[in-house]
Amino acid sequence: MSSVSSQPQFRLTQPPSKVLHLRNLPWECTEEELVELGKPFGKVVNTKCNVGPNRNQAFIEFSDLNQAIAMISYYASSSEPAQVRGKTVYLQYSNRQEIVNNKTTADVGGNVLLVTIEGADARLVSIDVLHLVFSAFGFVHKITTFEKTAGFQALVQFSDAETASSAKNALDGRNIPSYLLPEHLGPCTLRITYSAHTDLSVKFQSHRSRDYTNANLPVAPSAIDANGMFSVGLDGKKLEPESNVLLASIENMQYAVTLDVLHMVFSSFGPVQKIAMFDKNGGLQALIQYPDVQTAVVAKEALEGHCIYDGGFCKLHLSYSRHSDLSIKVNNDRSRDYTIPNTVMMNPQPSILGQQPVATHGPPAHTYPGAQHHQMMPQPSAGWATGGPPVPHSMPAQMNNNPYLPPGTMPPQMGHGMMQMPNHGGLPHAPAMPPYRPGHMQ
DNA sequence: AGCACA
């Protein structure tokens with residue numbers, strides 16, 4: 001007869017095991033922290049954290065029993081308790097001999113996410129909006145969308161499982177920010193699981209599938225109009241032909257909207273090549289030219305119906321212009337060609353017009369007052385390199401203020417084509433983009 | 001602070 005209790009959980013002494021059971025861990029303790037803790041005593045071959053109702057228990061498994069014994073012995077006699085993040089951790093031999101990581105296929109992620117968009121207007125969510133949302137976490141390779149009994153779904157392919165996982169963690173269960181949606185749409189919730197796919201097959205660029213890695217992929221015949229543009233939306237509804245030039249009408253213009261303000265707002269989505277402002281029907285309109293249609297599409301999706309200034313002032317209405325290349329005769333306070341080098345812009349000299357466009361990566365000649373202090377100007381970035389394929393890197397500015405991720409956890413892919421977003425504050429009437437914060441997504 | 005799933 002042993003003197004210890006026969007109930008395994010509450011025995012005072014556990015038989016040794018190379019698996020240790022830890023408790024009183026800080027909430028959501030990471031595997032790395034467990035490894036750090038065990039490393040001095042041997043080789044940690046496996047861990048399992050966030051165990052128990054409070055997720056504050058864990059297991060670590062050493063390669064050898066003696067290592068586990070060493071750790072237990074050390075802390076049994078140490079004056080300093082084992083600690084993680086300053087919190088005392090209690091450890092003992094586990095009553096099991098090995099860690100079984102019950103990772104189901106649903107937990108072990110692949111690089112492709114299965115996204116179900118819920119909501120009455122789910123199927124009105126464009127592939128461009130999805131691209132925008134998921135690009136916050138890294139380069140999106142491909143997206144396909146389809147209707148299933150589950151509703152409107154999309155497969156979103158990232159480079160790797162880590163990126164996909166960060167997107168899933170941040171977005172699952174959240175709503176697409178309303179300001180990314182056409183304003184008449186109701187809330188659209190994202191439900192995300194891992195797909196078993198690793199590489200999607202996208203035959204055509206179309207309204208239901210895109211391959212952002214292949215700018216040369218043919219556009220689906222069904223989605224082309226006479227101008228070679230996308231002209232069909234979901235449900236086969238005719239769309240306005242897309243264009244690299246946007247026509248902006250500004251409603252409720254209580255504050256002056258200057259060329260520089262427009263440049264700043266639209267630069268968030270890519271290099272703005274040219275802007276022309278003019279009065280029409282007593283209101284202000286502007287044409288904004290991007291180098292490619294894709295960027296214009298993203299900008300239109302993101303900005304349509306939103307106000308430049310808080311309080312409903314200077315509301316933007318965007319449509320695609322029939323123009324593809326604006327003719328800017330003179331740089332003044334109503335029109336500007338940003339592709340002409342700064343020095344020329346300051347002192348126009350027709351003889352230099354043959355030069356390469358360079359201004360798209362630098363600040364414009366007239367920066368918005370104080371702009372430099374707010375990092376609101378486009379940063380140079382590989383994604384916008386001239387001459388490259390125009391499609392893949394059109395990522396919006398919000399991404400740098402990525403709300404889904406805690407600071408400092410930006411995936412490395414974020415470097416592509418990223419731009420700083422103007423922050424609130426600081427400037428009188430600084431353009432106020434809707435903040436991309438989780439709190440606003442519910 | 002006390003042993004994991006599905």
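Each chain gets a letter, A, B and so on, in the order the sequences are listed, and its residues count up from 1.
Both A:Lys87 and A:Val19 sit near DNA chain B, but only A:Lys87 has its closest nucleotide nearer the 5' end.
Counting heavy atoms of neighbouring residues, nucleotides and ligands inside a 6.0 Å radius, atom CZ of A:Arg322 does not exceed 12 of them.
For the pair A:Tyr90 OH and B:dC3 C1', the computed distance is 17 Å after rounding to whole Å. A:Gln97 places its CD atom 17 Å from the P atom of B:dC3, with the value rounded to the nearest Å. What separates CD of A:Glu28 from C1' of B:dA4 is a distance of 16 Å, to the nearest Å. Atom CD of A:Glu98 and atom C1' of B:dC3 are 15 Å apart (whole Å). Rounding to whole angstrom units, NZ of residue A:Lys48 and C1' of B:dC5 are separated by 8 Å. The separation between A:Gln14 atom CD and B:dA4 atom C1' is 14 Å, rounded to whole Å. Distance CD1 (A:Ile99) to P (B:dC3): 15 Å, rounded to an integer number of Å. With rounding to whole Å, A:Leu20 atom CG is found 12 Å from B:dC3 atom C1'.
A heavy atom lying under 4.0 Å from DNA chain B marks none of the residues of residues 72-85 of chain A. Contacts with DNA chain B (heavy atom under 4.0 Å) in residues 54-68 of chain A: A:Gln57, A:Phe59, listed by number.
Side-chain N/O atoms of A:His323 and A:Gln289 include no donor and acceptor closer than 3.5 Å.
For A:Gln92, taking side-chain heavy atoms from C-beta onward, the closest of the listed nucleotides B:dA4, B:dG2, B:dA1 is B:dG2. With distances taken from any side-chain atom of A:Val51 to the nucleotides B:dG2, B:dA4, B:dC3, the minimum falls on B:dA4.
Taking the six-membered ring for Trp and the full ring otherwise, the centers of A:Phe137 and A:Phe158 sit at least 6.0 Å from each other. In this structure, the ring of A:Phe266 has its center no less than 6.0 angstrom from the ring center of A:Tyr338.
Under a 3.5 Å cut-off, the side chain of A:Asp211 and the backbone N or O of A:Lys142 do not form any donor-acceptor pair. Put simply, the side chain of A:Glu118 never gets that close to the backbone of A:Arg191: no donor and acceptor are under 3.5 Å apart. Formation of a donor-acceptor pair under 3.5 Å by the A:Ser73 side chain with backbone atoms of A:Ile69 is found in this model.
The side chain of A:Arg96 contributes an N or O atom lying less than 4.0 Å from OP1 or OP2 of B:dA4.
Partner of A:His317 under the side-chain hydrogen bond (donor to acceptor under 3.5 Å, both in side chains) criterion, out of A:Gln285, A:His306, A:Glu251: A:Glu251 alone.
Nearest heavy-atom pair across A:Leu25 and A:Lys87 is O-NZ, 3.5 Å.
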